[in-house]
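Below is one structure, written out as structure tokens, with a few remarks after it.
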Amino acid sequence: DRRVWAASIVMGAVAAYPAAVGSLGGYLVASKTSAKLGVPVEVERTRAGWGGLRLHGVVVGRDKGPLLTIDRLDIPFSAMWGKGEVVAEAPAAQVERGGPQDNVSGILARLRTGSGGAGAGKTSTGSQPTLVVRNGSLRLTDHIKGLSLAVGAANGMWQAGQQYQIEAHQVSGRLGSVGSDKQPGFGAQSLTLQGKLAGMRPVDWPEASVREGFVRPLATLPLTGISGAIRPVDAGKGPAGTFDLFFSGSYGGAKRALWTATGQMRPARDSHDIEGSLALRAERFSLDKIAEILPASVLEPESTEIDAAIEVKL
């Protein structure tokens, strides 16, 4: 019977669709991304639904350890027209710049020079889908800048040509010689960033807020319990591009706020210069907390206490 035969074909096509289309789609995504970045991109398995592709076990780069792994990547078919949301579940980035295990400098150079294909290294003016990251993590080691950074958990959203938002938790890092415990450290229980985008590139400085942050400029002087924010000034209350800042915190884990820092800054658009002012108010503390930077003429720093009121313009 022709109807039975036709129905069998339709049912067979429907049954084969998720695996066949998924495999083809996964291959195309991996090969195109690999050609753009210049490193291997692997996908463990792919399934297709009526709305798009679901890629499991995505691995970017393997020669010097994976640069990026993604548990699950959902790509709607509408992404081909710059619509919808691309969702990355549990992406984990292990970035190392400089040194024998460098896994990112080649990619950055390729993107800057445009050797990764048409449009590489340029800000796209076409429509792009929104990128959503859920439960991500980051470990960054930069031997060139002397920076190490770890983010335990992060969620974010990038709306091309509009804005981005990032919420990071369990943030910690160090400045100076990588691997040294004596270098200045910093971190926060949570850090929130948001700002404007041109294409997928940030424009100007972001609005930022910190909760339960810490900065350790000296081993004996940990500034703890830091909370505060950097926010753009309201229209009419200052020059365009100006940011207000307010932070407060304690020393060595004390619960009470023992210092405040307030001011404004205005980054230059065409250089690395910053104009601004900062007013610091610090309650009394003993000089042994900063013994590493005191001259030898201070004989008993533990018996000497000061408070501070400093105003700086730059």
Side-chain angles (χ1 to χ4, degrees), residues 26-27 29-46 55-73 86 88-117 119-122 131-156 158 164 166-191 193 200-202 206 213-217 219 272:
Y27 169 78
V29 170
S31 60
K32 186 172 182 178
T33 305
S34 179
K36 186 177 184 65
L37 301 180
V39 296
V41 176
E42 303 173 6
V43 178
E44 182 179 328
R45 69 182 188 278
T46 311
L55 284 64
H56 295 267
V58 180
V59 179
V60 179
R62 277 202 182 275
D63 294 343
K64 298 178 180 179
L67 169 65
L68 175 67
T69 61
I70 305 175
D71 279 2
R72 193 181 80 203
L73 184 63
V86 175
E89 292 280 358
Q94 298 273 354
V95 182
E96 185 150 348
R97 180 170 175 254
Q101 299 301 314
D102 189 323
N103 61 2
V104 72
S105 292
I107 294 175
L108 295 177
R110 187 180 181 87
L111 294 176
R112 280 195 297 266
T113 59
S115 57
K122 301 178 181 179
L131 173 62
V132 177
V133 170
R134 296 174 181 162
N135 302 314
S137 64
L138 168 68
R139 288 195 175 275
L140 166 68
T141 303
D142 191 331
H143 295 275
I144 298 174
K145 295 291 187 180
L147 168 68
S148 60
L149 176 66
V151 178
N155 298 293
W158 287 259
Y164 66 94
I166 302 172
E167 294 182 3
H169 303 273
Q170 304 161 31
V171 180
S172 62
R174 288 189 179 277
L175 293 171
S177 301
V178 174
S180 173
D181 292 335
K182 297 183 179 180
Q183 299 300 331
F186 61 91
Q189 187 179 99
S190 67
L191 171 66
L193 301 172
M200 294 297 278
R201 295 174 181 269
F214 71 89
V215 177
R216 189 177 292 107
H272 296 293

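Fair warning: this is a prediction, and the values are worked out from it, not measured in the lab.
- Between Lys36 and Leu111 there is a side-chain heavy-atom pair separated by less than 4.5 Å.
- A donor-acceptor contact shorter than 3.5 Å links the side chain of Thr113 to the backbone of Ala109.
- Taking all atoms of both residues into account, the shortest heavy-atom contact from Ser105 to Gly98 is OG-N, 4.3 Å.
- Ion pairing of Arg97 with Asp102 is absent here, as no side-chain N (NZ or NE/NH1/NH2) approaches a carboxylate O to less than 4.0 Å.
- Of all non-hydrogen atoms in Tyr164 and Pro202, the two that sit nearest each other are CE2-CB, 3.9 Å.
- Note: His56 NE2 to Arg72 CZ = 6.5 Å, rounded to the nearest 0.5 Å.
- The two residues Glu89 and Ile70 come nearest to each other via the heavy atoms O-CG2, 3.7 Å.
- Checked by atom type and distance alone, the side chain of Arg139 never pairs as donor or acceptor with a backbone atom of Val95 at under 3.5 Å.
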### Query
After noting the C-alpha distance and the side-chain angles of Val171 and Leu149, does the key distance pass the side-chain contact (heavy atoms from CB on, under 4.5 Å) rule?
CA-CA 7 Å; Val171 180; Leu149 176 66; 4.0 Å; yes
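- For Gln101, the side-chain contact (heavy atoms from CB on, under 4.5 Å) partners two or more places apart in sequence, or in a different chain, are Lys64, Glu96.
- The shortest side-chain heavy-atom distance between Thr141 and His143 falls under the 4.5 Å cut-off.
- No side-chain donor-acceptor contact under 3.5 Å links Asn155 to the backbone of Glu167.
- With a 4.5 Å cut-off on side-chain heavy atoms, Ile166 and Trp158 count as touching.
- Closest approach of Pro66 to Asn103, counting heavy atoms only: O-ND2, 4.3 Å.
- Within the 4.5 Å cutoff, the side chain of Leu147 has heavy atoms near those of the Leu140 side chain.
- Using modelled atom types, no side-chain atom of Asp71 and backbone atom of Val58 make a donor-acceptor pair closer than 3.5 Å.
- For Arg174 (side chain) and Gln183 (main-chain N/O), a donor-acceptor pair under 3.5 Å exists by modelled atom type.
- Contact record, Val133 with Pro91: CG1-CG, 3.5 Å, taken as the closest heavy-atom pair.
- Formation of a donor-acceptor pair under 3.5 Å by the Ser34 side chain with backbone atoms of Val39 is found in this model.
- Annotation for Pro184 and Pro217: closest pair CG-O, 4.0 Å, computed over non-hydrogen atoms.
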#### Entry: Derivation and outcome, side-chain contact (heavy atoms from CB on, under 4.5 Å), residues Val86 and Leu73
CA-CA 7 Å; Val86 175; Leu73 184 63; 3.9 Å; yes
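- With sequence neighbours left out, Gln189 forms a side-chain hydrogen bond (donor to acceptor under 3.5 Å, both in side chains) with Arg211.
- For the atom pair CG of Leu37 and CD1 of Ile107, the computed distance is 5.0 Å after rounding to the nearest 0.5 Å.
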